Structures are given as C-alpha cells and as structure tokens.
Amino acid sequence: MACLSPSMVSLPQPHSLEDPNSFQKLIEDWLFCSLKSPKTLPQLKSFHAQTIKTGLMANDLVSGQLLLCCSLSYSMHYARQIFDAIPRPKLFFYNAMIKGYSETGAHHEALRLYSIMRARSVPCDSFTFPVVLRSASTLARIDVGEELHGLVTKTGFDSKVIVQTALIDMYCACGLSDCGRLVFDRIRDRDVICWNTMVAGYVKCGNFSSASQLFDLMPKKNISSWNTLIDMYCKCGNIDRARRLFDEMPERDFISWNALLSGYAKVGQCEAARKLFDEMPQRNVVSWNVVITCYVHNRRFAEALELFRMMQVTDIKPNEVTVVAVLPACAHLGALDLGQWVNTFIHRHQIKMDVYVNTALIDMYGKCGALEDAQRVFDEAIKKDTFLCSTMIEVLAMHGKAEAAFRVFTYMTSIGIKPNDVTFVGLLKACSHAGLVDIGRKYFEMMTAEFGLMPKMEHFGCMVDLLSRAGLLEEAHELVKSMPIEPHPIVWATLLSSCRIHHNVKLAEEVALQLIELEPQSCENYVLLSNIYSQAGRWHEAAKLRKKMKERGVIKKPGCSSIEVNNDVYEFFAGDRDHPRCKEIYEMLNQMASRLKTEGYVPQLSSALHDVDLDGKEQTLMYHSEKLAVAFGLLSTQHGTPIRIVKNLRVCDDCHLFMKIVSKYYKRPIIARDCNRFHHFSDGSCSCSDYW
DNA sequence: TTAGGGTTAG
C-alpha cells in the first residue's frame, strides 16, 4: 500500500464517498499514514465532516478506524467526539480510547472511561488490562489495581505474561514490591521484559539489594536490564558501581550513556559528565539536556549557555526540556535579551509551552526585571499549577507588588490549586518588602491552620525579616529565640541587617558576635557589623573587627555586577580594570560624579568598609561594581533605554543614592537586582522607597 | 522494562 505524506493526500472525491468499501479503504490508508505521522488532524477533521454528511458513521468499522486514527494521532478531544457519537461502542473502541488517553498522559481520563466501560458491562480483553493497569500504576491507584487483579484472575487472562507483567509494574508503582514478587513467582514462562519489570519494580520501591540479586539471577539480559541497574546505582549515588556496569555491559544504547551521564550530573560532577559527553559516539537531545542542566544546577551558567549555543549547530533539535534548562541560566545572569531570544526560539520551533516552560519563563522574566512579560506569560498559561502560581507570587514579591501577589494567591485557591510551603515563602516575602506586618502574620498562621503546612526555616526567616524590617526588632529577636528548630545563620543575619536599617547598634553587636562564632569564615557578617559601626561613627570598633577578619583569613566576597549589552553579559568587579573600554568607563564615571554632585549627590562615606582617609573612601565608593556597570550601560546603550544591572551582593547606601540621581539626571530608568530584591530607579526615586 | 525539566528566607 502506498503511503503518501498526509499533506500530499487529496481528500476523497464525492463518488468514492458514496461507496462504503472504497471509503473504508481510504480510511485504512489513513490509518497506516497516521501510524507514521501523527500530524493528520486537519485531514481527519475533513473526513469526519464528510462521513457525517454521507451518513457513513453508521458503519462501525468506518467510525472505528477513524477513531483509531485520531487516537493514534493523539487528538483525544476529537477522538472523544467520534466515540460519543457511537450509540453502543464495542470493546475495540473503548480500547482505542483508553490507549490514546494513556499515551497522552491523560490517565485520569483513561480510568474514568474504564469505569464507564465496567458500568456498561463491556468485557475487557488482554489488550484492555495492561493499558488500564498502566494508568493505575502511573496514578498509584492500588484500589483500581487490585480490582483489576481480581478481574484478571476471574477471566483467566492471568495466564498472559503481558498482563502479569503489567500487574507486577502496578504493584511496584504502588510501593508493594512483595505483591509484585508474588505475581512474578507464579509466572511459568518468564520473558526478559517480565524480569526487567520486577528488577525495575524493586528499584522503584527503593529495594536496591533485591534488585541487584534478581539482576544476577537473570537467565538472559538485554540492554534494558543493564540500563535499569546502571540507573539504580546512579540514583543511590554509587556512581563508581554504575560506571563498572557500564564498562562491563556487552553493548550500549543512548539510554545507557545518558543514564551514566545523569548519574554524574546528580552527584554534581560536571567535569566527568562533560568528559563522558565528549566521548559519546552519538548524542541525542537527552544527552544535551543532561549536561546543560548539570551546569545550571552547579551555577556554571556561562558554560550552560555555551553548550546550548553549540547545540544549535548540530542536527539535534532542542525541546521543551532544553529551554527549561537554559532559562534559569538567563534568569540568574539577568540576561533578558537572551531570555527573550529563547522565548522567540520556543515560538519559532513550536516547542510545547507546557507548565514547566511557562514557569521557567515567568521566573526568567521576573528575575530579569521584566515584570510585565512575566505577568503576560502567567495570564496566557493555559495550565496553571502550584509551581507556576508560586513562581508568579515570588516574582511579584521580588518587585514589591504585594497586592498583586495576594491576588494571585486568592485566584489559585479559588480555582482549587493547593498552595505549598514555597507559595507562603513568596507571600511572606511580599509582605516583608511592603512592610505589611499584620497581613504577614495572617498568612503565617493560615499556612498551618488552613493548609496544614508546618512552617520551615524559610518561613521563620521571612517572619523575622518582616518584623525586624518594620522596626519590631525585639519581637523578631524573641521569635528567633523561641523557634522550634535551631535557627539557621541566615535567620540571625536577617535580624542583623535590620539592625543596620534601624541603627540598633546594641542588638547588632549581640547578634553579630553570635553569628560570627557560628560562621567564622563568612565575610558578610563581619561586613554588616563593620558597616553598622561605621554608620555610628565607631571607627575604632570597625577597625578591630577588620583586624579579626584578617587574622582569621576571612576574605571579603568581591562585589560583582553584570549588565547585558547586545546579547553579551559583561561582569564588573569593584575597581575592575579588565574591561577593554576601561579607560572610557572610568572617565565617564568621574565625569558623572562631578555632575551628580551638583544635583545633590553626597557620597555616603559610611558605606566604605576600608579604613582609609576620606578621599580614599570616596575613591573606593566611586568604583563599586554597580557604578562601573551603570557607566558602561550609559556609554553603550541608547539614550532613554532602561539599564538593567544584576548585583551579587546587597546594594550599598551610596550606590543606591547614586543610581537614584543617575536615573533623574540622565533620564534613564535603572532596574537593579541585588541578592535580595529589585530596585526600579526612575526620576530620582526607587521602587523600594529606600527600605531595603 | 531503561535516560532529561519549573518556584524557596539575608
């Protein structure tokens, strides 16, 4: 039978439609085509319209074939329309529908249709059972699984290995490997798949020793058997054992390579993963995704993006998993242009905008300061879930949009999306950035009372931040001391940074000294206390602290700001002279300083950590990384366009004031992300209302 | 039967 590509097949002529046999022949051709190409939906719709017109739907075989075509094309909505139009569907139709649902991941639908089928007393066959069992297995519905087991035994289908294998899988997916083993032991003619399913079942249940023992007993192994075991050792972090198996196995496929690759990725061994990746005889999209993700998870964003660029010149087409891996890299670097480029790429290559992609897009736009774009992706997302909504709340919080964050929360709960602990972190953060103490208290209570979520370290951290920022330092201090879990140093550091805002030197000393004992090597704590001393004019104590830092060999984490210009990300460190346009940048900065002073800029000398003379302090301040980035931004971007900066540390008082005045004098909005939140500078003021 | 993905306190 000739199989033309669907786009080349012309629709049947009216005379052929009058003849049921020739029409059925055409449908058969279509069935064959759709097996090869699932993109036959427009043609199928056309057929459907014509069959209805000619009354051919009355023919079971024609509608059945058509339904099967739809189901194979994964056009389940359309298949359902055909199905519902059939007065008394036979077993064959149910099977096609359930199979279609199962393969498109609509397992709930599959089970629903199965129960309709049972209610209508349609008997199942050896084709129905494995498919329904698979759905029960995916959804871990032991109730459905056990009922099926009973039915299988009653109807005698338990003699079929394929059905028994499905039962093993179902029990193991529900965590009952012992029940799976009982089924396995009763099978007389076990095939490799059945052995593999049992081994994989033990792995699923975390029973690694039984999996390993059974693997050794296998009379015959195929590649999958080896792959299952390699994956198992990777999952439990025993990468050396996995590697030995990989080296021992007689032949390897993509899955073997990728399983080992992801094993290295899981334990954070980027170098080993990359080495293996480079050695691979052939790579598929998964191989690329694993290594890109590995780089991102280990904060090696530039390398992740580099690999993504390399991928573009291969034949391997990136998919939704690839973009989900790449977008966080853009987000962390604040590379908005690149992130937007990825978004265009998604549309151009028709990459599926699933809930993962949308979440990653919202996060990227949010972290790159493009709040409107984040909101647009959120509004347009067809499927919304807890992660997506929590991400939107977090983004709004970061930008100081508390009310909007609360609205997302109300919306998600009203449509039945359950919040999780991260959702509340976002809400509390929103309250904290807006100084909404009472609302924050309300959410903190609500999470346990209404949603049964126990507050974690992060929530206490947020509460301490909320209270202490608002000036309730004592209450915050009490909360830290009365926490049911040992407070993480971050919680103390939060309190300390509020002491700086509210100039409470006494509490700051108490907290900081404790904190320094907890984390003697962490520079941030010394810096914070030193700044507090400097602000209070207590230079002597500041100097003593710096001496202590030096004695302990604590190195100050260098401030680093990045800015994206024409798709490239430029990084600046304080006092950096590495940039090719260094001379221009420093000239610009000096020129800016003198101009801004006439506009009311007074250097905030207490922000300078170094104990140098006043002029020296001013010099140090002037070359803070964010100022270098702003100067470079002014030099290299068009007049009037916003300047977007990402800083690794908190913005200091001086830079904050500086950027406010720059935004007014040069008529440039500056969107700066520090390690904590966003600052939108415009016309001389900042969105944080100087409360950060 | 076997490989890859999203949000989190300073």
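Everything quoted here is computed from the prediction, not taken from an experiment. Each chain gets a letter, A, B and so on, in the order the sequences are listed, and its residues count up from 1.
Contact annotation for Ser390(A): base contact, defined as any heavy-atom pair under 4.0 Å involving a base atom. Residue-level contact check: Asn284(A) touches the bases, meaning some heavy atom is under 4.0 Å from a base atom. Lys367(A) comes within contact range of the sugar-phosphate backbone alone, with a heavy-atom separation under 4.0 Å but no base atom that close. Lys429(A) comes within 4.0 angstrom of the backbone, heavy atoms only, and of no base. Among the protein residues, Asp354(A) comes within range of the nucleic acid bases, having at least one heavy atom under 4.0 Å from a base atom.
There is no side-chain donor-acceptor pair under 3.5 Å between Asp653(A) and Asn531(A). Side chains of Asp363(A) and Thr391(A): a donor-acceptor N/O pair is absent below 3.5 angstrom, by distance only. If you check the side chains of Asn319(A) and Thr322(A), you find a donor sitting under 3.5 Å from an acceptor.
For Val285(A), the side-chain atoms get nearest to dG4(B) when compared with the rest of dG4(B), dT8(B), dG6(B). Picking from dT1(B), dA9(B), dG5(B) the nucleotide with the shortest atom distance to the side chain of Ser224(A) gives dT1(B). Here the side chain of Ala259(A) is nearest to one of dA3(B), dG5(B), dT8(B), namely dA3(B). Comparing dA3(B), dG10(B), dG6(B) against the side chain of Ile255(A) picks out dA3(B) as the nearest. For Tyr356(A), the listed nucleotide lying nearest its side chain is dG5(B); candidates were dG10(B), dG5(B), dT7(B). Checked against dG5(B), dT2(B), dG4(B), the side chain of Val357(A) finds its nearest nucleotide in dG5(B). Listed candidates were dT7(B), dT2(B), dG10(B). Nearest to the side chain of Val422(A) is dT7(B). Here the nucleotide nearest the side chain of Glu394(A), chosen from dT8(B), dG10(B), dG6(B), is dT8(B). Residue Ser497(A) places its side chain closer to dG10(B) than to any other of dA3(B), dA9(B), dG10(B). For Val355(A), whose side chain is taken as the heavy atoms from C-beta onward, the closest listed nucleotide among dT1(B), dA9(B), dG6(B) is dG6(B).
At the phosphate of dG6(B), neither OP1 nor OP2 sits under 4.0 Å from any side-chain N or O atom of Lys384(A). Phosphate contact (OP1/OP2 of dA3(B), side-chain N/O of Lys235(A), threshold under 4.0 Å): present. Taking side-chain N and O atoms only, Lys266(A) has a distance below 4.0 Å to OP1 or OP2 of dG4(B). Between His332(A) and dT7(B) there is no side-chain N or O to OP1 or OP2 distance below 4.0 Å.
What separates CE of Met392(A) from C1' of dG6(B) is a distance of 15 Å, to the nearest Å. Nucleotide dG5(B) holds its C1' atom 15 Å from the CD1 atom of Ile362(A), rounded to whole Å. At whole-Å resolution of the value, CG in Leu388(A) and C1' in dT8(B) are 16 Å apart. Met364(A) places its CE atom 15 Å from the P atom of dG6(B), with the value rounded to the nearest Å. Computed from coordinates, the Met311(A) CE to dG5(B) C1' distance equals 13 Å when rounded to whole Å. Atom NE2 of His433(A) is separated from atom P of dT8(B) by 12 Å (rounded to the nearest Å). Spacing between atom CG of Asn676(A) and atom P of dG10(B) amounts to 4 Å, rounded to whole angstrom units. Separating the CE atom of Met447(A) from the C1' atom of dA9(B) is a distance of 12 Å, rounded to the nearest angstrom.
Put simply, the side chain of Asp385(A) and the base of dG6(B) share a donor and an acceptor less than 3.5 Å apart. Contact of Asn319(A) with dG5(B) (side chain to base): no donor-acceptor pair of N or O atoms is detected under 3.5 Å. Interface remark: the Thr359(A) side chain does form a donor-acceptor pair with the dG6(B) base, using a distance-only criterion of under 3.5 Å. Between the side chain of Asp253(A) and the base of dA3(B) there is no donor-acceptor pair of N/O atoms closer than 3.5 Å.
Within a 6.0 Å radius of CD in Glu279(A), more than 12 heavy atoms belonging to other residues, nucleotides or ligands are found.
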- Task: Before giving the answer on side-chain hydrogen bond (donor to acceptor under 3.5 Å, both in side chains), spell out for Thr423(A) and Asn420(A) the whole-Å C-alpha distance, their side-chain angles and the decisive distance to 0.1 Å.
- Result: CA-CA 5 Å; Thr423(A) 319; Asn420(A) 65 7; 3.0 Å; yes
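Ring centroids of Phe409(A) and Tyr443(A) are separated by less than 6.0 Å, placing the two rings close together.
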Could you list the donor-acceptor pairs under 3.5 angstrom formed by side chains in residues 198-208 of chain A, with sequence neighbours left out?
from, atom 1, to, atom 2, distance (Å)
Tyr202(A), OH, Arg181(A), NH1, 3.2
Lys204(A), NZ, Asp169(A), OD1, 2.7
Asn207(A), OD1, Ser210(A), N, 3.4
Asn207(A), OD1, Ser210(A), OG, 2.9
Asn207(A), ND2, Ser210(A), OG, 3.1

